[in-house]
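What follows is a single structure, written as C-alpha cells, with notes after it.
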Amino acid sequence: MYEKLSEDFFGRVYEIVKLIPLGRVTTYGAIANYIGLKKSARMVGWALNQTKYNKDIPAHRVVNRQGLLTGKQHFAVDASMEQLLQQEGIKIENNQIQDFQSIFWTPEELEID
DNA sequence: GACATGACGGCAG
DNA sequence: CCTGCCGCCATGT
C-alpha cells in the first residue's frame, strides 16, 4: 500500500471545511480535534494552504481560536479573507472577528442530528 | 539527511 | 495579564 496517511488527513480537513455553514466560522484546533490530531492544529492550516487556489473550499471560514484572521495574508489580493467573510455577514475589525463566540461553529455539531 | 519554518494551541513561568 | 517555550507533523532549503 503506497497510500499516504497525510492524504486522508488533508481529505478530512477539506470535507469539514466544506461543511462549515455560511456565515459561520471554525478554528484550526476544532477541526484538528475532530479529526483526532488535536495537537496538530498547525497541520490544518497547512492543509488549507494547499487549497488556497481551490474555490470549493471556504478556507476563509477557518480562523485561529482567537477569531483572528491570521491567514489573511495567504489569500489572493482580489479575494481577501476579510472581504469574503464580510460578504457572508460576518463583521470584522482589525483582523478580529466581532462576536466570534456567537458565530463559532465546530464539526462536533455534525454529531447532533 | 539535518535544520528551519509554519494559516496553531496549550501550559509554565 | 503577558511572555515564552514546547509539541505536533509536513514542507522547503
Side-chain angles (χ1 to χ4, degrees):
Chain A
M1 298 297 236
Y2 297 89
E3 60 189 43
K4 295 172 62 178
L5 295 176
S6 58
E7 290 185 27
D8 185 59
F9 168 65
F10 280 26
R12 289 179 188 276
V13 173
Y14 304 152
E15 286 188 63
I16 295 172
V17 173
K18 286 193 286 188
L19 290 174
I20 301 173
L22 194 154
R24 297 284 186 104
V25 296
T26 189
T27 69
Y28 307 102
I31 295 173
N33 182 37
Y34 184 76
I35 295 174
L37 301 175
K38 50 188 177 185
K39 303 220 168 167
S40 302
R42 307 180 111 181
M43 288 295 86
V44 177
W46 202 256
L48 293 178
N49 193 18
Q50 313 307 307
T51 71
K52 62 183 176 184
Y53 295 114
N54 191 334
K55 65 182 179 69
D56 293 324
I57 307 205
H60 58 275
R61 294 183 190 150
V62 183
V63 296
N64 70 349
R65 84 172 193 87
Q66 308 174 73
L68 202 59
L69 305 184
T70 54
K72 181 181 179 185
Q73 57 186 318
H74 297 274
F75 277 77
V77 291
D78 64 309
S80 80
M81 190 175 186
E82 181 176 326
Q83 191 171 324
L84 288 171
L85 289 171
Q86 290 184 12
Q87 288 175 18
E88 298 183 356
I90 297 175
K91 296 182 171 70
I92 302 172
E93 187 173 315
N94 192 23
N95 293 341
Q96 171 67 55
I97 295 180
Q98 302 301 295
D99 204 13
F100 170 66
Q101 195 174 205
S102 297
I103 63 175
F104 175 67
W105 175 90
T106 92
E108 295 179 19
E109 293 187 16
L110 295 173
E111 303 290 314
I112 305 173
D113 180 68

Taking N or O atoms only and anything under 3.5 Å, show me the protein contacts with nucleotides 3-5 of chain C, one pair per line.
none

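Applying side chain to side chain contact (heavy atoms under 4.5 Å, CB included) to A/Met81 and the options A/Ile92, A/Thr70, A/Leu69 leaves one that passes, A/Leu69.
Sequence neighbours left out, not one pair with a member in residues 62-84 of chain A passes ring pair (Phe, Tyr, Trp, His ring centres under 6.0 Å).
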Ignoring hydrogens and angles, write down the donor-acceptor pairs under 3.5 Å from the side chains of residues 15-31 of chain A, residues two or more places apart or on other chains.
from    : atom 1 : to       : atom 2 : distance (Å)
A/Thr26 : OG1    : A/Trp105 : O      : 2.6
A/Thr27 : OG1    : A/Ala30  : N      : 3.0
A/Tyr28 : OH     : A/Val62  : O      : 3.3

Summarise protein proximity over nucleotides 8-13 of chain B in one line of letters, 5' to 3': B for base, S for sugar-phosphate only, - for none, counting protein heavy atoms closer than 4.0 Å. BSS---
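Nucleotides C/dT3 and B/dA7 have their C1' atoms positioned 22 Å apart, rounded to a whole Å.
If you take CD on A/Gln86 and CD on A/Glu93, they are separated by 10.5 Å, rounding to the nearest 0.5 Å.
In this structure, A/Gln73 places its CD atom 13 Å from C1' of B/dT5, rounding to the nearest Å. In this structure, A/Gln50 places its CD atom 12 Å from P of B/dA7, rounding to the nearest Å. The distance from atom CE of A/Met43 to atom P of C/dA10 is 7 Å, rounded to the nearest whole Å. Atom pair A/Lys52:NZ and B/dA7:P shows a separation of 10 Å (rounding to whole Å applied). Atom CZ in A/Phe9 sits about 14 Å away from atom C1' in C/dT11, given to the nearest Å.
For DNA chain B, none of the residues of residues 95-105 of chain A falls under the heavy-atom distance limit of 4.0 Å.
With sequence neighbours left out, A/Glu88 forms a side chain to side chain donor-acceptor pair (under 3.5 Å) with A/His60, A/Arg61. Partners of A/Arg42 by side chain to side chain donor-acceptor pair (under 3.5 Å), not counting sequence neighbours: none found. Under the side chain to side chain contact (heavy atoms under 4.5 Å, CB included) criterion, A/Leu37 pairs with A/Phe9, A/Ser40, sequence neighbours left out. Take A/Asn95 and apply the side chain to side chain donor-acceptor pair (under 3.5 Å) test, not counting sequence neighbours, and it matches A/Lys72. Take A/Gln73 and apply the side chain to side chain contact (heavy atoms under 4.5 Å, CB included) test, not counting sequence neighbours, and it matches no residue. Residues meeting the side chain to side chain donor-acceptor pair (under 3.5 Å) test with A/Asp56, sequence neighbours left out: none.
For NZ of A/Lys52, the number of neighbouring non-hydrogen atoms (other residues, nucleotides, ligands) closer than 6.0 Å is greater than 12.
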